[in-house]
Amino acid sequence: MNISRISVKRPVTTLMFMLIIVLLGFVSFTQTSVDLYPDMDLPVAIAIVQYPNTSPEEIENLITKPIESQLATVENLTGLTSISSDGMSLVMVEFDYGTDMNFASLELREKVALISDFLPDGSTEPMVFKLNPQMMPIMEIQFSSNRPLAELYTLIDKEIDSQLERVRGVASADIYGGLEKEISILIDQEKLSGYHLSLSQISSILASENINLPSGEIEKGSKELLVRTIGEFKTLDDIRNVPIMLPTGETIILSDIAYINEGYKEQNSVSRVNGIPSIGVSITKQSNANTVETAKRVVDTINNIKKQYTDIDVTIGFNQADFINSAVSNVSRSAIFGGILAIVILFAFLRNLRSTAIIAIAIPVSVIATFVLMYFNKMSLNIISLGGLSLGIGMLVDNSIVVLDNIHRLREDGISKEEAAINGAREVMVAIFASTMTTIAVFLPIAFVKGFTAIIFKELSLTVTFSLLASFVIAITVVPMLRSKFLAIDEIKTKFNFK
């Protein structure tokens with residue numbers, strides 16, 4: 001089948017197909033996510049267990065070693081690294097590149113669950129998650145006001161933070177800085193020893209007293225009423241009057257052996273805006289969410305918060321979307337300038353406006369067609385993929401130049417314009433296909449290389465490959481059709497006088 005003959009004999013069909021590709025390309029471009037880097041699925045997972053107020057030696061013996069011995073049986077394991085510090089055990093597991101981390105992390109959770117019941121009382125449940133660069137916060141927001149800092153913290157914790165976490169694409173909104181209220185219970189050790197009590201007993205009594213429990217149902221006529229036993233502390237006096245049973249059978253209250261006060265937690269972080277104390281909120285997006293779109297939704301939510309609380313000043317200290325938009329815009333601008341320079345150079349050599357226009361069509365159409373392939377391969381617009389487009393801009397016109405030059409040669413030999421367009425494209429089809437494949441053969445293998453190189457440069461190689469394949473199709477279909485219809489005969493230097 002001679003594709004060039006079909007495109008020349010059916011110019012309307014060819015034009016319609018080209019317009020369909022352009023339309024799909026624009027739709028794909030608007031639907032393709034924008035990010036700074038490609039989605040990096042690193043073959044690393046981490047298991048964390050916290051055991052407060054415990055030395056590193058105890059952490060290692062009681063938690064780290066049991067977890068290591070259990071995780072060492074996981075498949076595709078290449079490395080196991082652990083860190084035992086004050087109150088925390090961290091075990092980092094490395095896998096072979098190409099491992100499905102969703103299944104790997106699921107297997108890790110199953111292994112850790114087998115020993116979770118054997119970990120010391122007081123330790124947290126093991127937390128297993130994949131290591132992903134996108135876990136870093138995408139936005140830092142500071143809230144300041146004339147309100148007391150403790151009141152502002154309570155407002156953000158109870159009202160504003162939940163609004164931010166409800167934004168689509170947001171994984172968490174973590175608060176830092178400010179003053180957080182707490183109830184401190186200072187035990188008198190001498191009195192505690194005198195009553196033959198221990199801290200663990202006091203802790204167990206407080207935990208059992210500060211709880212709400214369901215108490216069954218009560219039937220009243222045709223109705224069934226649910227009954228709850230309310231036992232949570234409401235005031236400081238409720239805590240002070242907690243009864244404590246002594247070994248002798250007597251009863252005292254908590255205030256007899258402890259001082260109960262309401263104060264503030266010790267500040268581990270401080271947030272300021274222009275020297276004014278503030279409350280900071282870090283926004284982390286979901287792993288599959290788009291950074292730019294998520295940040296835009298967060299900004300819209302912040303604008304609504306400003307309208308709700310007019311006395312609160314909101315400052316966006318860091319927005320990764322701004323940097324991404326700037327980086328992507330710079331790369332896009334470079335690609336556009338590269339395409340314009342390529343067209344200018346073509347005109348300088350061809351010295352023919354219509355010939356240059358026909359060849360120049362290959363650049364935008366090939367780029368737009370590339371967006372379709374990128375969308376269906378679930379690629380994003382980032383500095384790597386756009387860098388691949390910029391790299392391939394100069395090569396997109398090579399095939400079209402060869403086809404157009406051969407068509408000109410046949411026209412000078414006296415062949416009709418339609419036959420020259422058909423035969424000119426057919427004669428060089430194999431040659432330009434071989435030329436295209438030699439270039440693709442340089443970039444495409446990067447997509448199949450294992451390791452960090454493939455994670456970073458896979459989208460670059462695929463983008464160059466897609467754009468070159470699109471330019472080849474344009475060169476053997478659209479260029480011959482346009483050459484046979486829109487290039488005047490007298491614009492070609494020939495030794496014959498064609499009419």
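With hydrogens and angles left out, the side-chain atoms of Thr370 and Ser467 include no donor and acceptor closer than 3.5 Å. Between the side chains of Gln201 and Ser204, not a single donor N or O lies within less than 3.5 Å of an accepting N or O. No side-chain N or O of Asp237 forms a donor-acceptor pair with one of Thr235 less than 3.5 Å apart. Using modelled atom types and a 3.5 Å distance limit, the side chains of Asn102 and Lys130 yield a donor-acceptor pair. Under 3.5 Å, the side chains of Glu190 and Tyr195 contain no donor-acceptor pair of N or O atoms.
With sequence neighbours excluded, the residues forming a ring pair (Phe, Tyr, Trp, His ring centres under 6.0 Å) with Phe371 are Phe29, listed by chain and number. For Phe472, the ring pair (Phe, Tyr, Trp, His ring centres under 6.0 Å) test picks out Phe433, with sequence neighbours left out. Looking at residues two or more places apart in sequence or on another chain, you find a side-chain hydrogen bond (donor to acceptor under 3.5 Å, both in side chains) between Ser84 and Thr64.
The stretch residues 54-69 participates, sequence neighbours left out, in no salt bridge (charged side-chain N to carboxylate O under 4.0 Å, His left out) pair at all. For the side chain to side chain donor-acceptor pair (under 3.5 Å) condition, the pairs that include at least one residue of residues 310-326, sequence neighbours left out, are Arg147-Asp311.
Using a distance-only test at 3.5 Å, with no hydrogens or angles considered, no donor-acceptor pair links the side chain of Thr73 to the main chain of Ser69. Side chain of Asn210 to main chain of Phe233: a donor-acceptor pair is present (N/O by atom type, distance under 3.5 Å, no hydrogens or angles). In this structure, the side chain of Ser193 engages the main chain of Gln189 through a donor-acceptor pair within 3.5 Å. A donor-acceptor contact shorter than 3.5 Å is absent between the side chain of Ser203 and the backbone of Ser200. Checking side-chain atoms of Ser162 against main-chain N and O of Glu159 turns up a donor-acceptor pair under 3.5 Å. Side chain of Ser385 to backbone of Ser380: a donor-acceptor contact under 3.5 angstrom is found. A donor-acceptor pair is defined here as one N or O able to donate and one able to accept, closer than 3.5 Å; such a pair exists between the side chain of Asn290 and the backbone of Val34. Within the 3.5 Å criterion, the main-chain N or O of Gln50 finds a donor-acceptor partner in the side chain of Thr124. Panel note: side chain Asp256, backbone Leu254; no donor-acceptor pair is recorded below 3.5 Å. A donor-acceptor contact shorter than 3.5 Å links the side chain of Thr54 to the backbone of Tyr51.
Interatomic distance, Ile183 CD1 to Asn261 CG, rounded to the nearest 0.5 Å: 8.5 Å. Annotation: the span from Ile156 atom CD1 to Gln163 atom CD amounts to 11.5 Å, rounded to 0.5 Å.
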Residues 297-305 side chain polar contacts: donor-acceptor under 3.5 Å, at least two apart:
residue: Arg297; atom: NH1; partner: Arg168; partner atom: O; Å: 2.9
residue: Thr301; atom: OG1; partner: Arg297; partner atom: O; Å: 3.0
residue: Asn303; atom: ND2; partner: Val299; partner atom: O; Å: 3.3
residue: Asn304; atom: ND2; partner: Asp300; partner atom: O; Å: 3.4

